[in-house]
Amino acid sequence: MNPGVINGTYSLPPGRALEICHQIEGAILRHRIRPGTKLSEDEVGDTFGVSRTVARTALQALAHGGLVTIERNRGAFVSRPTIREAHEVFEARTLIEPRIARMAAKAMTDEALARLQRHIDAEHDAFAKGEMGLALSLSGAFHLAIAEIADQKVLTQILHSLVSRSSLIIALYWKRPDTACESHSHHALLDAFLRRDQSVAEEIMNSHIVDLHSGLDLIDRDENEPSLADVFATS
């Protein structure tokens with residue numbers, strides 16, 4: 001799997017609607033489509049060359065996953081988390097991710113370590129190239145990979161939603177370029193996993209999520225957002 005992709009869980013069969021979900025999700029997580037952007041059925045259909053029915057199906061699936069909000073008589077928009085929601089998301093991550101890190105350390109294998117190293121290498125490469133949106137997506141994928149290594153399917157599904165919402169929160173409220181995931185935290189986690197040290201892995205993850213939370217500038221902002229057509233016209 002491409003380390004830059006966070007595979008969402010959508011209740012859709014393989015086909016165009018699912019493909020559109022993954023493309024829009026990727027653009028959102030890379031911050032190419034920002035919170036508050038309107039996603040009309042007509043524009044989605046025109047952009048991806050599908051019918052309104054297929055576009056509607058994709059938008060409804062994204063809404064079920066929390067990335068999109070559908071408002072009565074107004075349509076679909078990329079979700080725009082409130083300050084309260086931002087606090088709740090990171091508080092939830094603080095509750096579950098340290099435990100996931102402990103379980104991952106216990107289940108760690110050499111193959112899993114190599115997988116995590118590839119995530120970190122890809123993240124560094126994105127930062128070095130100035131591709132901040134991709135780096136943010138890679139950071140989220142690193143956290144999900146840890147949950148998958150811990151072999152916790154239910155927690156992985158919950159974490160996927162939290163990581164996706166975290167990306168929206170960071171797009172709105174980050175206050176420094178390294179907020180997404182400081183590289184030293186990921187390296188420290190990898191070192192703990194290498195030693196299979198469950199307690200240290202749990203402690204580092206707890207500190208890491210707390211640092212992410214504290215790195216946000218939680219004040220309301222209004223910004224002009226590019227349209228969906230503008231985003232995919234340059235892809």
Side-chain angles (χ1 to χ4, degrees), residues 1-9 29-30 66 85-128 132-170 173-216 218:
M1 181 177 68
N2 184 332
V5 174
I6 298 178
N7 284 326
T9 301
L29 295 178
R30 286 166 174 77
E85 289 169 337
H87 285 303
E88 290 179 356
V89 165
F90 279 92
E91 285 165 2
R93 290 185 66 176
T94 303
L95 287 173
I96 69 172
E97 285 204 71
R99 182 64 179 174
I100 288 173
R102 171 179 280 274
M103 291 185 287
K106 183 177 181 180
M108 194 59 57
T109 64
D110 290 342
E111 181 181 356
L113 283 168
R115 176 185 174 187
L116 293 178
Q117 184 64 63
R118 288 194 295 273
H119 276 276
I120 291 176
D121 291 343
E123 186 180 342
H124 278 303
D125 184 60
F127 271 119
M132 293 303 300
L134 176 58
L136 293 170
S137 181
L138 288 163
S139 295
F142 178 84
H143 284 254
L144 286 173
I146 292 171
E148 291 168 358
I149 290 165
D151 195 23
Q152 297 294 313
K153 293 182 180 178
V154 172
L155 287 178
T156 299
Q157 290 178 338
I158 294 171
L159 186 59
H160 178 273
S161 176
L162 292 172
V163 167
S164 295
R165 294 174 73 181
S166 295
S167 182
L168 297 175
I169 291 163
I170 289 170
Y173 301 115
W174 72 348
K175 65 182 178 183
R176 64 179 194 265
D178 62 347
T179 293
C181 276
E182 294 85 343
S183 60
H184 66 81
S185 297
H186 284 185
H187 280 296
L189 278 167
L190 193 65
D191 183 62
F193 291 144
L194 178 65
R195 293 182 281 111
R196 275 64 169 182
D197 194 322
Q198 299 174 48
S199 296
V200 171
E202 184 174 23
E203 180 181 347
I204 291 171
M205 182 64 83
N206 182 74
S207 297
H208 180 36
I209 302 301
V210 169
D211 285 345
L212 289 176
H213 192 177
S214 65
L216 300 173
L218 293 175

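All values below were derived from every heavy atom in this structure, side-chain atoms included, with hydrogens, water molecules and symmetry-related copies excluded.
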Margin query: Once rounded to the nearest 0.5 Å, what's the spacing between atom OG of S166 and atom CD1 of I209?
Written below: 7.5 Å
Checklist line | Candidate list L168, I169, V163, test side chain to side chain contact (heavy atoms under 4.5 Å, CB included), partner V89, passing option | finding: I169
Item checked: Side-chain heavy-atom pair R115, H119 within 4.5 angstrom cut-off -> yes
Check: Using a distance-only test with no angle check, is there a side-chain donor-acceptor pair under 3.5 angstrom linking H186 and H124?
Finding: no
Notebook entry, point to check: Can you tell me how far CD1 of I100 sits from CG of L95, rounded to the nearest 0.5 angstrom?
Noted result: 11.0 Å
Next item on the list: Output every pair passing ring-ring contact (aromatic ring centres under 6.0 Å, His included) with a member in residues 88-117, not counting sequence neighbours, ordered by first then second residue.
Entry: F90-H213
Item checked: Sequence-distant partners of A201, side-chain contact (heavy atoms from CB on, under 4.5 Å), two or more places apart -> A101, A105, A192, F193
Item checked: Test item: R99 and Q152 side chains (from C-beta on) under 4.5 Å apart, heavy atoms -> no
Note to self: Could you report the tightest heavy-atom contact between L138 and A122, atom names first, then the distance?
What the structure shows: CD1-O, 3.3 Å
Notebook entry, point to check: Are the side chain of S161 and the backbone N or O of I158 linked by a donor-acceptor pair below 3.5 Å?
Noted result: no
Item checked: Distance, nearest 0.5 Å, that separates CG of L212 from CD1 of I170 -> 6.5 Å
Check: What orientation do H208 and H143 show, parallel under 30°, tilted 30 to 60°, or perpendicular over 60°?
Finding: parallel
Check: Are any of the side-chain heavy atoms of E97 and L159 separated by less than 4.5 Å?
Finding: yes
Check: How long is the gap from NE2 on H187 to CD1 on I204, to the nearest 0.5 Å?
Finding: 12.5 Å
Next item on the list: Working to the nearest 0.5 Å, report the span between CD1 of I149 and CG of L144.
Entry: 11.0 Å
Next item on the list: With rounding to the nearest 0.5 Å, note down the distance linking CG in L116 to CG in L189.
Entry: 9.0 Å
Next item on the list: Keeping to residues at least two apart or across chains, list the salt bridge (Lys or Arg N to Asp or Glu O under 4.0 Å) pairs with something in residues 192-203.
Entry: R102-E202, D110-R196, D191-R195, R195-D197
Next item on the list: Over all heavy atoms of both residues, which pair between S139 and E123 is shortest? Give the atoms and the distance, please.
Entry: OG-OE2, 2.8 Å
Notebook entry, point to check: With side chains defined as the heavy atoms from C-beta onward, is the minimum distance between M108 and L194 less than 4.5 Å?
Noted result: no
